[in-house]
There are 4 protein chains.
Amino acid sequence: MFFASDNWAGVHPRIAGNLTRHSAGFASAYGSSDLDRQVEQTFSEIFEREVAVFFVATGTAANSLSMAAVARPGGVAFCHREAHMIADEGGAPEYLTGGGRLCPVDGPLGRMDPAALEHEIGRYPPEFVHSGQPAAISITQTTEIGTVYQLADIAAVSQVARKHGLPLHMDGARFANGLVALDTSPAEMTWKQGVDIVSFGGTKNGCWCAEAVVFMDPKKAQAFPFIRKRAAQLFSKSRFIAAQFEAYFEDGLWLETARHANAMAARLADHIRASSKTRLGWEPQANEVFPIMPLSVVEVLKAQGAAFYPWHPPHGFAGEIGEDETLCRFVTSFATSADEVDRLGDLIA
Amino acid sequence: MFFASDNWAGVHPRIAGNLTRHSAGFASAYGSSDLDRQVEQTFSEIFEREVAVFFVATGTAANSLSMAAVARPGGVAFCHREAHMIADEGGAPEYLTGGGRLCPVDGPLGRMDPAALEHEIGRYPPEFVHSGQPAAISITQTTEIGTVYQLADIAAVSQVARKHGLPLHMDGARFANGLVALDTSPAEMTWKQGVDIVSFGGTKNGCWCAEAVVFMDPKKAQAFPFIRKRAAQLFSKSRFIAAQFEAYFEDGLWLETARHANAMAARLADHIRASSKTRLGWEPQANEVFPIMPLSVVEVLKAQGAAFYPWHPPHGFAGEIGEDETLCRFVTSFATSADEVDRLGDLIA
Amino acid sequence: MFFASDNWAGVHPRIAGNLTRHSAGFASAYGSSDLDRQVEQTFSEIFEREVAVFFVATGTAANSLSMAAVARPGGVAFCHREAHMIADEGGAPEYLTGGGRLCPVDGPLGRMDPAALEHEIGRYPPEFVHSGQPAAISITQTTEIGTVYQLADIAAVSQVARKHGLPLHMDGARFANGLVALDTSPAEMTWKQGVDIVSFGGTKNGCWCAEAVVFMDPKKAQAFPFIRKRAAQLFSKSRFIAAQFEAYFEDGLWLETARHANAMAARLADHIRASSKTRLGWEPQANEVFPIMPLSVVEVLKAQGAAFYPWHPPHGFAGEIGEDETLCRFVTSFATSADEVDRLGDLIA
Amino acid sequence: MFFASDNWAGVHPRIAGNLTRHSAGFASAYGSSDLDRQVEQTFSEIFEREVAVFFVATGTAANSLSMAAVARPGGVAFCHREAHMIADEGGAPEYLTGGGRLCPVDGPLGRMDPAALEHEIGRYPPEFVHSGQPAAISITQTTEIGTVYQLADIAAVSQVARKHGLPLHMDGARFANGLVALDTSPAEMTWKQGVDIVSFGGTKNGCWCAEAVVFMDPKKAQAFPFIRKRAAQLFSKSRFIAAQFEAYFEDGLWLETARHANAMAARLADHIRASSKTRLGWEPQANEVFPIMPLSVVEVLKAQGAAFYPWHPPHGFAGEIGEDETLCRFVTSFATSADEVDRLGDLIA
């Protein structure tokens, strides 16, 4: 019963198989192989436009280098108060932008509130050197607490970005989970709403290490080969990242694994709702479930070997958590089985 | 006939197999899994002392973060004029140290000359803020031009390092090739000669992505978990790096693949020597061969699909290269076959 | 009627005179002159212990390089939400620490609340690389809104710093104004309460450019000469900073000018209180006064040529500001005259 | 007999006087005062075009921030092997560009050789991420060894810059000395030869602290206000830098002081030539003289209290220095008197 994180899962058999299939032979290094080129082409097909794709080692690298690509002197990137960039990247965005700042923005259920965003941007008046200057806006889809920006939500943030002439970045560590939750297309979820750069994650959804920075406009990516190399993020045997993405996209595997993960989360949510002892902190929309549970249940689950984390109530959380209760996070993945979920459900009930 | 670089090779079957074997199941992330711990232990056994091991994504990252670990304000690292850090890392060491400098040091055949090293360090007198201050010395084993520091050579550099109170780093992107060339032990080639930090590379010797920073003294590594995370180099599914190293070390696979690569280079050198048209720029000592060849031969080889690069004559090169000749680099790897070498040999003869 | 800022003032005649007095002749450069040494000695006398003193060009430099001196990878400095470092330094602390973060801490009337500080530090659990790590705590004395930390307030923050093993920095851009407000000694206001590093400002109190980083423990300053030089903050003709400080300290000039500025603020506050149209946002404690005034009064003042700024209500401000009112800031300095204050008072009344 | 450096001198009386004259009264801060604006206008007149001017604290800051203004990821600036940026700025250019590299270029008598420059640029092929990329070229006028680039020399370097699309920077710490040596105009010595950015120094020529970054094309300076603020180089009482420059330029004072310094150097050179014991290392062209002297003479001079430094023979120095001889540097300034020079001359003779 592994619900600690979707990065505790392994590698999908079809992806592992493709790695093995490509393991023999020779190919040119540093992203110049045929397979690299072909997978880049696949990205363009998926996004329904010519995009520029750069593989990097981690989601933190994808986010941080996206920020580096749009950095300005004294620059400030605006993201949700609980965004991964702020809470979980060990200062990498600040470091890799050469000292940029991340400005936390409020918003309920993990999503930036456009009005709060406007308010924070307002702290950095144009041309006022003392405050520094806005440089970027970043949203996380799926959010850190398993909620999803609706297309209109993205458009609303995008409107603020456009008004202030700021690039809009999407941290898509769980891109696929959000995509299938919305039942929309990558194009719709990104550039059609005004997203400029995407951190496109495959690791949490069945790859072992497959992250990419995707520029919707390749012209904006001209400096990025140097930015990536300078950050020591250019793989020599890059084609093995490409090999993962090749299998990931083939026959829609990535959508299938994301749908499975989301379905497992929904199944778990049903168990939470069904139990008289537990309740949902909020409705899950993708592959994360945040129940409020009595400490006694937590202890039972731990004793039975279930892996999951307690969680801080997010900004704007209006629910009540009793003294003998706690909020927890359960994450499902391509590798989560219905059996496993039901066993957990039985323990909760 | 792929001799462009050892990073054009794929993945050794036993390493690919081990990746697949570990692909199922769940394990804790970010380097905390049992497999991660176990492979760290293997490193300690191999180095015959307790070492601290940190996986990173690329050799450039290993080098740059090693430098970051010992950085000083206004700090200068001394390395050979042709070192990978200077010539091929896109400014990553400077960037990831927050602006450190790399000082090129002369020396014949790819190895720093201790007297030249002393001379360069002398440009940075103690306590003289205007020049900046020495921060580290780095040697490359195997060097960029396929030569090897003898143990006494390492000790001589180390003596300079100790005299000035500087940490000694070894860029071991081709650690195994140098090791088997010297027929010595990792302990002898490193800390017993005074090496403090090693960039330990597996990628060029059969892994697809397996690089590690190894601190000979774990106490010196206390800040490194933060340094690595801040540089976006902490893999979530770290255990798949561990899985590569597990297979790499098992039953001495790494030494076997390195010996094979070196043997293929020696075989190629024999062909070069045997041909009346070509000669060696210098004696190869590991898995790289640098012949001087007539342009006509180069054209034939290219026409037959051989992949290799022309090369700049290294510092201190005393040979002569005619107007219709060129110096070239041929790199062998675990994946190079004797057949392939002989086919090339036939074309040269 | 210049109340926009104390940095709109010029140079005190005794300081200007001393600059002129020292303008002839020759002296060794970069801080090594007799005058430099002598003024350093004066600092030690004033602080009643041997301190290490480093002149820099601006208060922003003093703060940022103080932070650089204690930086850690993924490091976070904690300061009040409205601290100059966060609000007015254009990202210099983040930049000059190589990407450090400033964490805003709440607290009423411009002073950090120790409990809020504890809470924020708690977001960065020890050894947890994902969040980054605490690196420093910084307080501002006098605060940005003209209030003063009492000695016990400083001690309370210091206790948190000690508990977490963090250095405590004081942004003393208005050090003298706070000092005379408390009627205490520099030693009492700093190291006796646990302050480790002070940004010691003279510019706002009668110098034209005289800022220093003062380390209470010279052993902690060993890397700082390189840190300052690397940041391009080492003056060649450093003795002219020393000359300013020489006059600044002579016969207690600095305390006299600070007392005058504070007295002018108190006199202005009396006018505010006396008028039926205006009231104080909070009690001024040093040389800044924040009245709430009708817009009509603001317009009259502006029309009469008074220079001052509107101000955002600070964190925790409990007062009420009507729709036709606004909060404003008036800053007094050594150069403010009683006449000027009374003329302003007449306009307000 | 102070010949150690022109920054050992004090402040010219007319500049000190102007500081005092402006010391009273109030003016808006951070470079927005009338005096600031007026002096900016004077710069435009002097350069015969509209330029953008930014005061900073030190020559090192002017150089480093010039480099920051044109930085690229993995960027490399090319300057003479003995340039101040490389030899005497404590790593500031590397640090303040976020990790840029300085590439030393050879050239006799302190001036970059255009062919050597081309050769070094050639190490960084376009679009080749592994090497990094060229970002800027910087020349020093007057050079570190007292020689001067003729206009045609500047044009030759400029041609290389244009060919590679690189901005051309001039480190003008001794701008005035070079200018009067060439008997030309600022426009001729800079933008008319293709110079884009100038570090314009006043400190060594009679100011106490007056350095500026001057952009020949203000459009290229749009980000610079943020770059300067972020580097903690924006003075609050900026008008006192302006006051120095006001007096500096008034009635051609700056040219007068530079001519005087150069004349004193020529006078000293005459003494060197006249003595049978000493000879010139090379012909001085501005305000620095490099004699080769017997150690016995050096001892006599030191014993008589003369301040000067021994010096390393520069790159390409073809002269001979005997075992009992040494190369020395003597620097003259606005404050050097003919008497002082002659006294030194008497001791040499």
Side-chain angles (χ1 to χ4, degrees), chain C residues 2 4-13 15-17 19-20 22-30 33 56-65 89-96 98 203-204 207-209 225-226 228-241 243 307 333 335, chain D residues 2 4-13 15-17 19-20 22-30 33 56-65 89-96 98 203-204 207-209 225-226 228-237 239-241 243 307 333 335-336:
Chain C
F2 291 96
S5 178
D6 29 14
N7 61 29
W8 284 42
V11 182
H12 191 279
I15 294 168
L19 271 173
T20 299
H22 283 288
S23 65
F26 295 83
S28 63
Y30 298 116
S33 78
V56 294
T58 65
T60 294
N63 289 339
S64 299
L65 296 187
E89 302 194 346
E94 290 96 331
Y95 173 62
L96 294 170
T203 307
K204 287 181 152 80
C207 298
W208 91 244
C209 165
F226 288 95
R228 177 177 59 174
K229 176 68 188 178
R230 180 182 64 166
Q233 291 280 347
L234 175 58
F235 287 104
S236 57
K237 297 186 177 174
S238 169
R239 71 185 191 271
F240 292 109
I241 307 263
S333 76
Chain D
F2 291 95
S5 178
D6 32 11
N7 62 30
W8 283 42
V11 182
H12 191 280
I15 294 169
L19 270 174
T20 300
H22 283 290
S23 65
F26 297 82
S28 63
Y30 299 116
S33 78
V56 296
T58 66
T60 294
N63 289 340
S64 300
L65 297 187
E89 302 195 345
E94 290 97 330
Y95 173 62
L96 294 170
T203 307
K204 286 182 153 80
C207 298
W208 90 245
C209 164
F226 288 96
R228 178 175 60 174
K229 175 68 187 179
R230 179 182 65 166
Q233 292 279 349
L234 175 58
F235 287 104
S236 56
K237 297 184 178 175
R239 71 185 191 269
F240 292 110
I241 307 261
S333 75
T336 307

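In what follows, chains are A, B, ... by sequence order, proteins preceding strands, each numbered from 1. In this text the structure is predicted, and so the values were computed from the model without any measurement. Only heavy atoms go into these numbers, but all of them, side chains included; no hydrogens, no water, no symmetry mates.
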Pair count under 4.5 Å, heavy atoms only, with chain C: among D:S23, D:A307, D:G90, highest is D:S23
For D:K237 and C:C207, indicate whether the former's side chain and the latter's backbone hold a donor-acceptor pair under 3.5 Å.
-> yes
From the list C:F240, C:F2, C:W208, C:F235, the residue making the most non-hydrogen contacts under 4.5 Å with chain D is C:W208
Interface check, chain C: of D:T20, D:V56, D:N63, D:L96, most non-hydrogen pairs under 4.5 Å belong to D:L96
Checked C:E94, C:K229, C:K204, C:H22 vs chain D; the most non-hydrogen pairs under 4.5 Å come from C:K229
Of the listed C:A27, C:A57, C:A16, the one with the largest count of heavy-atom pairs under 4.5 Å with chain D is C:A27
Taken in chain and number order and not counting sequence neighbours, the residues that satisfy side-chain contact (heavy atoms from CB on, under 4.5 Å) with D:R230 are A:P73, C:Y95, D:I227
The interface call for D:I15 against chain C, heavy-atom contacts under 4.5 Å, is neither
Applying a strict 4.5 Å limit to non-hydrogen atoms, the region of C:R228 in contact with chain D is neither
Greatest number of non-hydrogen atom pairs under 4.5 angstrom with chain C, of D:S28, D:A61, D:G25, falls to D:S28
When the 4.5 angstrom heavy-atom criterion is applied to D:A29 and chain C, the contacting part is both
Next on the checklist: Does any part of the side chain of D:T58, heavy atoms only, come nearer than 4.5 Å to the side chain of C:L234, both counted from C-beta?
Outcome noted: no
Bottom line for C:T203: the part with an atom under 4.5 Å from chain D's heavy atoms is both
If one checks every heavy atom of C:A9 against chain D at 4.5 Å, the contacting part turns out to be both
Heavy-atom nearest pair, C:E89 first then C:G59, reads OE2-O, 4.4 Å
So, the part of C:S333 with a heavy atom under 4.5 Å from chain D: the answer is side chain
Smallest heavy-atom separation, D:I241 atom then D:C209 atom, equals CD1-O, 3.4 Å
Between the main-chain N or O of C:L65 and the side-chain N or O of C:Q233, is there a donor-acceptor pair closer than 3.5 Å? no
If one checks every heavy atom of C:L19 against chain D at 4.5 Å, the contacting part turns out to be side chain
Residue from D:G91, D:S64, D:S33, D:A335 scoring the most non-hydrogen pairs under 4.5 Å with chain C is D:A335
Rounding to 0.5 Å, atoms CZ (D:F26) and CG (C:N7) come to a distance of 11.5 Å
